[in-house]
2 protein chains.
Amino acid sequence: MVDPLSAVPVYVQVADAVAARIANGDLEPDRPIPSEEHLRQDFEVSRGTVRHAVALLRERGLVVTVPGRGTYVLDRSQ
Amino acid sequence: MVDPLSAVPVYVQVADAVAARIANGDLEPDRPIPSEEHLRQDFEVSRGTVRHAVALLRERGLVVTVPGRGTYVLDRSQ
DNA sequence: CTATATTTGTGCGTATGTATG
DNA sequence: ACATACATACGCACAAATATA
């Protein structure tokens with residue numbers, strides 16, 4: 001869930017939520033995270049906000065994005 | 001480059017810089033100027049400031065903006 | 001080879017909130 | 001009160017890359 005009234009920007013909330021799913025193993029290494037459209041519906045935010053969140057995850061080194069395919073959880077075990 | 005400390009507003013400085021590129025032929029008639037995002041990165045300003053600058057160029061009759069496509073240098077030779 | 005579906009990339013339009021001078 | 005400037009967040013449309021039928 002996301003709180004639009006929070007001082008924490010929505011895109012940060014979304015990024016943190018996805019990061020948590022990576023941390024707890026719900027989203028596994030080398031597997032794609034949900035598509036932008038899927039995340040958009042899940043969190044009920046705009047696609048722009050989702051893309052902002054995913055960009056944050058890339059900056060944090062948690063995922064890599066492949067155009068036309070999707071965004072994948074980075075395997076940091078190797 | 002842009003000087004945030006100048007008495008000349010940043011959005012005017014950006015508009016003048018783009019106008020100069022049109023005047024010297026760097027940006028050609030019927031061709032798009034760099035996107036808002038590109039200009040934003042070039043000048044290291046916010047998108048709002050870029051849009052303010054482009055609005056100024058429209059008022060000056062130097063460019064036309066096509067929603068969803070881009071902003072084009074007006075051909076004043078015809 | 002073509003066509004379609006999916007997904008990300010790009011581009012502009014708009015609105016609101018915050019901060020500063 | 002006003003202008004400037006930034007950040008956030010919504011929307012729409014189309015392009016490009018990829019995968020598959």
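So you know, we letter chains A, B, ... as the sequences are listed, proteins then strands, and number each from 1.
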Surrounding CZ of B/R31 (heavy atoms of other residues, nucleotides or ligands, distance under 6.0 Å), is the total greater than 12?
no

Report all interatomic pairs (protein N or O, nucleotide N or O of nucleotides 14-21 of chain D) with separations under 3.5 Å.
from: D/dA19; atom 1: OP1; to: A/R69; atom 2: NH1; distance (Å): 3.4

Test of understanding: clusters of I, L, V, M, F, W, Y form through side-chain heavy atoms closer than 4.5 Å, transitively. Do B/V10 and B/V12 belong to the same one?
no

Keeping to residues at least two apart or across chains, list the ring pair (Phe, Tyr, Trp, His ring centres under 6.0 Å) pairs with something in residues 10-66 of chain B.
B/Y11-B/H52

If you compare all heavy atoms of A/R51 against all heavy atoms of A/E36, which two are closest, and at what distance to 0.1 Å?
NH1-OE2, 2.7 Å

Non-hydrogen side-chain atoms of A/L39 and A/V14 separated by less than 4.5 Å
no

If we only count heavy atoms from C-beta on, is the B/T49 to B/P9 side-chain gap below 4.5 Å?
no

What is the distance, to the nearest angstrom, from the CD atom on B/E37 to the P atom on C/dC12?
10 Å

Is there a path of hydrophobic side-chain contacts, each under 4.5 Å between heavy atoms of I/L/V/M/F/W/Y residues, joining B/V8 to B/L56?
yes

Please state how far atom CD in A/E36 lies from atom P in D/dG11, giving the value in whole angstrom units.
14 Å

Pairing residues for B/R60 by the salt bridge (charged side-chain N to carboxylate O under 4.0 Å, His left out) criterion, not counting sequence neighbours
B/D16

Using a cut-off of less than 4.0 Å, is there contact between a side-chain N or O of A/Y11 and OP1 or OP2 of D/dA9?
no

Should the heavy atoms of other residues, nucleotides or ligands under 6.0 Å from CD of A/E37 be counted, would the total exceed 12?
yes

What's the verdict on side chain to side chain contact (heavy atoms under 4.5 Å, CB included) for B/I22 and B/V63, showing C-alpha distance, side-chain angles and the deciding distance?
CA-CA 9 Å; B/I22 293 174; B/V63 300; 3.9 Å; yes

More than 12 heavy atoms of other residues, nucleotides or ligands under 6.0 Å from CD of B/Q41: yes or no?
yes

So if I take every side-chain heavy atom of B/S46 and compare against D/dA5, C/dG13, C/dT8, which nucleotide ends up nearest?
D/dA5

For nucleotides 16-21 of chain C, give me every protein contact, N/O to N/O, under 3.5 Å, one pair per line with atom names.
none

Using a heavy-atom distance cut-off of less than 4.0 Å, which residues of residues 48-58 of chain B contact DNA chain D?
B/T49, B/H52

D/dA5 C1' sits how many Å from B/E44 CD, rounded?
15 Å

Correct closest heavy-atom pair for A/G61 and A/R76 would be O-NE, 4.1 Å

Do you reckon B/V2 sits in the same ILVMFWY cluster as B/V18, going by side-chain contacts under 4.5 Å, direct or chained?
yes

Once you round it to whole Å, what is the distance between P of C/dG11 and CZ of B/R40?
12 Å

Rounded off to whole Å, could you give me the CD-to-C1' distance for the B/Q13 and D/dT4 pair?
12 Å

Heavy atoms from C-beta onward define the side chain here; which of D/dC10, C/dT8, D/dT4 lies closest to that of A/T71?
C/dT8

If I take atom CG in residue B/L39 and atom C1' in nucleotide D/dA5, what distance separates them, rounded to the nearest angstrom?
16 Å

Angle between the end axes of the helix from C/dT2-D/dA21 to C/dG21-D/dC2, five pairs per end, to the nearest 10 degrees?
10°

Only one of A/I33, A/L57, A/V54 passes side chain to side chain contact (heavy atoms under 4.5 Å, CB included) with A/T65, and that residue is A/V54

Closer than 4.0 Å, any side-chain N/O of A/S35 to the OP1 or OP2 of C/dT6?
no

